[in-house]
Amino acid sequence: QVQLHESGGGLVQAGGSLRLSCAASVPSFSNYAVAWFRQAAGKEREFVATIIWSGGNTLYADPVKGRFTISRDSAKKTVYLQMNSLNSEDTAVYYCAAAPRFSRNWREWDTWGQGTQVAVSS
C-alpha cells in the first residue's frame, strides 16, 4: 500500500518561492506516476505537474510552466515541487498523488497525501 506525506507549505509573498516535498512509503515506485494537484477554495482540484518515476519524464500544467519544477530523489523516495515566482492564483492546498499511470483527471488517482497549504500574499 502506497502512502504519501507532503510537507513544505506555508505563507509567502508574491514573487517568492517554496519547495514542497512528498515522501512515499512504498517498496518500489518504479512503475508509478507521481503528481502534484492543487485545490483552491471553492474550486475543483486541478493538475499541476507530474513525473514518471522510472524515466523521470515530466509534464506541467500551462499556468505553472516555467515557474514550477518537479523532481525526484530515488534514494529518499521523495518527490519535490519547486515553486518560483509565486502569485496569488497559486494559493491552494497542494496534494501529492500516485497512480500506476498518468491522468490529468484527479479522480483517476488512487493514492493521496493529506495536503499542504500554500498561501501567497500580494
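Just the heavy atoms: all of them, side chains too, but no hydrogens, waters or symmetry mates, feed the values below.
Among residue pairs with one or both ends in residues 111-122, none qualify as salt bridge (Lys or Arg N to Asp or Glu O under 4.0 Å); sequence neighbours excluded. Within the structure, the salt bridge (Lys or Arg N to Asp or Glu O under 4.0 Å) test picks out the following pairs touching residues 86-106 (sequence neighbours left out): Arg38-Asp90, Arg67-Asp90. Within the structure, disulfide bond (SG atoms under 2.5 Å apart) contacts touching residues 43-73 (residues at least two apart or in different chains) do not occur. Identified under the salt bridge (Lys or Arg N to Asp or Glu O under 4.0 Å) test for residues 110-122, with sequence neighbours left out: none. Residue pairs satisfying the disulfide bond (SG atoms under 2.5 Å apart) criterion with at least one member in residues 48-122, sequence neighbours excluded, are listed as follows: Cys22-Cys96.
Rounded to the nearest 0.5 angstrom, Thr91 OG1 and Leu11 CG are separated by 8.5 Å. Once rounded to the nearest 0.5 Å, the distance linking CZ of Phe68 with CG of Leu20 reads 8.0 Å. With rounding to the nearest 0.5 Å, the separation of CZ in Arg72 from OG1 in Thr78 is 12.0 Å. One finds the OH atom of Tyr94 at 10.0 Å from the CH2 atom of Trp36 (value rounded to the nearest 0.5 Å).
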Q: In sequence, state the C-alpha distance, the side-chain angles, and the governing distance for Glu6 and Thr116, and then conclude on side-chain hydrogen bond (donor to acceptor under 3.5 Å, both in side chains).
A: CA-CA 6 Å; Glu6 306 97 330; Thr116 185; over 6 Å; no
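Side chain of Gln117 to backbone of Ala92: a donor-acceptor contact under 3.5 angstrom is found. Remark: side-chain polar atoms of Tyr80 are not paired, donor with acceptor, to backbone N or O of Thr69 under 3.5 angstrom. No donor-acceptor distance shorter than 3.5 angstrom exists from the side chain of Thr58 to the backbone of Thr50, with no hydrogens or angles considered.
Among residues two or more places apart in sequence or in another chain, the side chain to side chain contact (heavy atoms under 4.5 Å, CB included) test is passed with Val12 by Leu18, Leu86, Val120.
Put simply, Ile52 and Val34 are part of two different groups of oily side chains (I, L, V, M, F, W, Y) that touch within less than 4.5 Å, one to the next. At a threshold of 4.5 Å between side-chain heavy atoms, the hydrophobic network of Ile, Leu, Val, Met, Phe, Trp and Tyr places Val79 and Trp112 in two separate groups. Side-chain heavy atoms closer than 4.5 Å link hydrophobic residues (I, L, V, M, F, W, Y) into clusters, and following such links, even through other members, never connects Ile51 to Leu59.
The two residues Leu4 and Gln114 make their nearest non-hydrogen contact at O-OE1, 4.0 Å.
Close placement of the Phe37 and Trp109 rings is indicated, their centers lying within 6.0 Å of each other.
The aromatic rings of Phe47 and Phe102 sit perpendicular to each other, their planes meeting at more than 60°, with 30° as the lower class boundary.
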